[in-house]
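The next block holds one structure in the form of structure tokens; read it before the comments.
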Amino acid sequence: MRAATVLSHPLPLPAIAAWKHLRNQTRSSIQFSFPPLRPAFRVSPLKYREIQKRGLRVTDGLEPKIAESSEEDPTERKIGGSSNSDPGWIRAFPHVLTASMSNFLFGYHIGVMNGPIVSVARELGFEGSPILEGLVVSIFIAGAFFGSIGCGSLADKLGCRRTFQIATVPLILGAIISAQAHSLEEILGGRFLVGLGIGVNTVLVPIYISEVAPTKYRGSLGTFSQIGTCLGIIASLLLGIPSETDPHWWRTMLYLASLPGVVLTLGMQFAVDSPRWLYKVGRIEDAKSVIYNLWGPSEVEKAIEEIQAVVKSDGNDRGGTWLELLEQPHSRGCIKKTHAMNDISLFSAVAFVGGSLFLLQQFAGINGVLYFSSLTFKDVGITSSVLPSIFIGIINFAGALSALYLIDKEGRKKLLIGSYLGMALSMFLVVVAISLPLKEQLSHITSILGTLLYIYTFAIGAGPVTGMIIPELSSSRTRGKIMGFSLSVHWVCNFLVGLFFLDMVEIYGVAPVYAAFGSMSLLSAIFAHYFTVETKGRSLEEIEMSLK
């Protein structure tokens with residue numbers, strides 16, 4: 001149970017078969033064009049209004065200058081010295097990178113107890129109790145469940161940026177309390193606080209990135225959440241190597257866990273708020289300024305019109321209610337108002353698909369495979385408890401980098417389906433290696449190849465796409481609550497897989513359990529085919545209006 005929850009990866013996806021009128025998009029390749037790397041300082045709303053009145057041309061990367069003539073085509077206005085009005089992903093990247101620090105923390109806390117748990121148990125007096133050791137490792141999942149549930153309403157009121165900063169408080173305090181713990185109760189309390197912050201952040205990161213990233217690069221920038229998680233796991237495992245010889249090193253590791261939280265708090269002070277949230281709370285000029293700086297001058301008018309249309313369609317409420325998840329689209333109250341019927345129907349549909357995608361992701365066996373992988377490596381003579389985890393972390397990272405390139409090129413839906421098909425093939429490959437009378441060395445090599453292929457294909461699609469597509473298909477009014485609900489399902493399933501995996505292996509054996517994971521991966525691919533739609537190349541507002 002312990003290791004199963006140590007290396008878990010919550011990352012997301014959704015929509016509905018009735019939404020197939022969302023028209024197909026032409027393929028778009030990711031173009032990494034680097035404008036001059038000069039800092040792009042924010043333009044104040046006051047200066048933005050002045051520029052807007054008089055016409056503009058940005059001739060350098062620092063300050064917009066008043067154009068000498070406003071007769072030229074607006075699409076040819078220069079940004080950072082480039083004749084292309086598309087600023088690319090470079091301007092949004094610092095804000096995305098700052099948000100991804102949350103996922104780095106998440107990955108770090110996933111792996112921080114992987115090696116030192118034996119030393120922690122010995123020093124705090126619960127050595128030899130697998131249940132208590134597993135509880136210390138996985139108690140943060142309980143905290144993450146409550147953090148995910150409560151996050152949506154907070155983000156609707158305060159915006160993602162301030163909610164990020166609030167969520168770092170339990171992350172920092174929890175890390176310090178855990179590092180100073182001298183009893184089981186203290187370290188459990190610290191780990192629970194860490195979980196609260198993790199639960200909030202795993203909801204916020206995909207929402208924030210989807211709302212500040214330019215449409216063309218939303219997919220590739222969205223994969224940085226997965227990349228951050230991978231790097232956090234690798235960092236914690238590398239830092240955990242001294243714990244094999246130093247029984248007190250775990251305290252240093254937990255103290256270090258507070259530093260990224262401080263960096264995140266300070267970084268978010270300089271990050272922008274989501275232009276969608278700014279518009280909804282009446283800060284229209286601030287929203288225009290953010291769009292101007294991150295997406296380019298040519299996008300301001302179009303983006304504001306789309307946001308305005310969506311806000312008008314949604315009504316005055318900033319966020320949907322939790323009760324709408326339980327309401328039927330044909331109830332009496334809905335029949336009276338077409339907009340209410342559409343909103344509740346869409347809310348319920350996306351929540352259903354989002355929860356289902358996370359459920360399928362977890363029951364496809366990612367935590368179980370990661371747990372059993374250490375035993376697979378031991379079969380071929382790798383006795384270190386850290387090296388296999390580091391190697392798997394590197395494979396996971398390589399898959400995330402592949403997703404960075406592919407997701408805006410091939411699209412979310414194709415990547416998700418292909419990912420689950422690859423996971424199914426990998427599981428059946430391991431089952432064959434275990435079940436057939438192969439030579440011992442060939443069986444071990446095949447098992448390792450199947451395991452690594454499973455991790456890689458998971459990181460390409462099932463990991464990053466699931467968390468990315470849910471906010472893309474959610475309406476601006478309900479995005480926070482749908483993500484909160486979907487991730488709460490994830491945490492419950494995460495805990496159940498970690499709790500029962502070893503018992504299932506002991507009762508039925510490895511091969512039947514892995515065959516079940518492969519079958520669930522096939523079912524997930526079928527579900528993704530029928531119940532998701534492609535979202536690449538469309539703005540969030542365009543997707544929302546099309547679905548309605």
Side-chain angles (χ1 to χ4, degrees), residues 5-13 92-112 140-141 143-144 147-148 151 155 160-161 163-165 167-168 170-172 174-175 194-213 218-237 239 256-265 267-268 271 358 361 366 370 393-394 396-401 403-404 407 458-471 483-484 486-487 490-491 494:
T5 55
V6 165
L7 290 174
S8 57
H9 294 265
L11 305 151
L13 213 243
F93 178 72
H95 309 277
V96 171
L97 185 64
T98 302
S100 299
M101 183 64 69
S102 298
N103 282 80
F104 179 88
L105 269 170
F106 170 57
Y108 188 90
H109 281 289
I110 286 174
V112 72
F140 82 93
I141 294 178
S148 296
C151 174
C160 287
R161 191 166 69 92
T163 309
F164 268 122
Q165 292 179 313
T168 58
L171 278 170
I172 295 171
V194 165
L196 282 177
I198 286 174
V200 173
N201 285 345
T202 52
V203 172
L204 289 179
V205 172
I207 293 176
Y208 181 79
I209 294 177
S210 69
E211 293 196 348
V212 303
R218 192 173 62 236
S220 55
L221 289 174
T223 62
F224 277 92
S225 60
Q226 173 78 342
I227 291 172
T229 303
C230 295
L231 291 176
I233 292 173
I234 293 172
S236 66
L237 294 174
L239 286 173
L256 290 174
S258 63
L259 297 181
V262 175
V263 173
L264 177 62
T265 303
M268 274 297 156
F358 270 119
Q361 181 204 58
I366 181 62
L370 287 169
I394 293 172
N396 200 1
F397 180 64
L401 291 179
L404 172 68
I407 195 162
F458 173 86
I460 284 181
V465 175
T466 303
M468 188 182 306
I469 199 172
I470 294 174
M483 279 299 296
S486 300
L487 275 162
H490 163 269
W491 292 117
N494 184 319

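Separation of atoms OG (S220) and CD1 (I407) is listed at 8.0 Å; rounding is to 0.5 Å. Taking CG of L171 as the reference point, atom CG of L105 lies at 5.5 Å (rounded to 0.5 Å). Note: N201 CG to L487 CG = 11.0 Å, rounded to the nearest 0.5 Å. Considering CD1 of I234 and CG of N396, their distance stands at 7.5 Å, rounded to 0.5 Å. Atom CG of L196 is separated from atom SG of C151 by 11.5 Å, given to the nearest 0.5 angstrom.
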Original post:
Could you go step by step and tell me if S102 and L264 meet the side chain to side chain contact (heavy atoms under 4.5 Å, CB included) rule?
Top reply: CA-CA 7 Å; S102 298; L264 177 62; 3.2 Å; yes
Original post:
Between F106 and V205, is a side chain to side chain contact (heavy atoms under 4.5 Å, CB included) present by the stated rule, with each step listed?
Top reply: CA-CA 11 Å; F106 170 57; V205 172; over 6 Å; no
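Side chain of R218 to main chain of A213: no donor-acceptor pair is present (N/O by atom type, distance under 3.5 Å, no hydrogens or angles). The backbone N or O of G199 sits less than 3.5 Å from a side-chain atom of S148, completing a donor-acceptor pair. Distance alone, capped at 3.5 Å, places no donor-acceptor pair between the N103 side chain and the G228 backbone.
Between A175 and S258, the shortest heavy-atom contact is CB-N, 4.0 Å. Across S236 and G107, no two heavy atoms sit closer than the pair OG-O, 4.1 Å. Minimum heavy-atom separation, T163 to A155: OG1-CA, 3.5 Å. Closest non-hydrogen pair, T223 versus M468, comes out as N-CE, 3.6 Å. Considering every non-hydrogen atom in both T202 and M483, the closest pair reads O-CE, 4.3 Å. Nearest approach of A92 to L221, heavy atoms of both residues: CB-CD1, 4.2 Å.
The salt bridge (charged side-chain N to carboxylate O under 4.0 Å, His left out) contacts involving residues 197-212 comprise E211-R479, where partners must be two or more places apart or lie in separate chains. Sorted pairs that involve residues 96-105 and meet salt bridge (charged side-chain N to carboxylate O under 4.0 Å, His left out), not counting sequence neighbours, are lacking altogether.
Under the side-chain hydrogen bond (donor to acceptor under 3.5 Å, both in side chains) criterion, T265 pairs with T168, not counting sequence neighbours. Residues passing the side-chain contact (heavy atoms from CB on, under 4.5 Å) test with C160 are F164, L204, I207, Y208, sequence neighbours excluded. Partners of L256 by side-chain contact (heavy atoms from CB on, under 4.5 Å), not counting sequence neighbours, listed by chain and number: Y108, L239, T252, L259. Remark: S210 pairs with no residue by the side-chain hydrogen bond (donor to acceptor under 3.5 Å, both in side chains) rule, at least two apart or across chains. When the ring pair (Phe, Tyr, Trp, His ring centres under 6.0 Å) test is applied to F104, no partner is found at least two apart in sequence or on another chain. Checked against ring pair (Phe, Tyr, Trp, His ring centres under 6.0 Å), F224 has the following partners two or more places apart in sequence or in another chain: F93. Residues passing the side-chain contact (heavy atoms from CB on, under 4.5 Å) test with V262, sequence neighbours excluded: I172, L266.
Side-chain contact between I209 and P471: absent, with no pair of heavy atoms (C-beta onward) separated by less than 4.5 Å.
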